[in-house]
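Note sheet for the following structure.
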Amino acid sequence: MTDENSFAKSGFGSLGFNPSALDETMTFDVRGEDELHPRDVLLAVYAALREKGYNPINQLVGYLISGDPAYITSHKQARSLIRRVERDDLIEELVSYYIKDVK
């Protein structure tokens, strides 16, 4: 059987562990970051690829087909940016834009 003193001795007390708080539900909010719009991500990645001298269309197609982030430059954090959006959301954005005038 453990008591609060044994928790403090184990190091949990120094981390702010409170055994009496075990009955309470902790919350965690991951919405701290603004949600990225696929269009904005595509435009930013396109610009970074172009600045580095790559053919942005070829590189984006390579990424969208394979899922391999190596197709995207790390210049201006483009690689980490594009990985924050699901590939299917990026493809949906492209298809929606392409056929927006078709009715």
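In this text, all values refer to a predicted model and were calculated from it rather than measured experimentally. When a residue number appears, it is its place in the shown sequence, counting from 1.
The nearest pair of heavy atoms linking P69 to R83 is CB-CD, 3.7 Å. Summarising the geometry of R87 relative to G67, their closest heavy-atom pair is NH1-N, 3.2 Å, with the distance given to 0.1 Å.
Residues satisfying the salt bridge (Lys or Arg N to Asp or Glu O under 4.0 Å) test with K76, not counting sequence neighbours, are E51.
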Given the rule in the side-chain contact (heavy atoms from CB on, under 4.5 Å) test, do L36 and D40 qualify, once you have shown the distances and angles that lead to the verdict?
CA-CA 7 Å; L36 298 173; D40 297 333; over 6 Å; no
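Note on V95: it clusters hydrophobically with Y46, by side-chain heavy-atom contacts below 4.5 Å among ILVMFWY residues.
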Quiz: residues 53-63 side-chain donor-acceptor pairs under 3.5 angstrom, not counting sequence neighbours:
{"residue": "N55", "atom": "OD1", "partner": "I57", "partner atom": "N", "Å": "3.1"}
{"residue": "N55", "atom": "OD1", "partner": "N58", "partner atom": "N", "Å": "3.2"}
{"residue": "Q59", "atom": "NE2", "partner": "Y71", "partner atom": "O", "Å": "2.8"}

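Between L49 atom CG and R79 atom CZ the span is 9.5 Å, to the nearest 0.5 Å. With rounding to the nearest 0.5 angstrom, the NZ atom of K52 is 15.5 Å from the CZ atom of R50. Taking OG from S96 and CG from D89, the interatomic distance works out to 10.5 Å, rounded to the nearest 0.5 Å. Between atom CG of residue L94 and atom CG of residue L42 there is a gap of 5.0 Å, rounded to the nearest 0.5 Å. In this structure, I82 CD1 and E86 CD are separated by 12.0 Å, a value rounded to the nearest 0.5 Å.
Between V45 and T73, the closest side-chain pair of non-hydrogen atoms is not below 4.5 Å.
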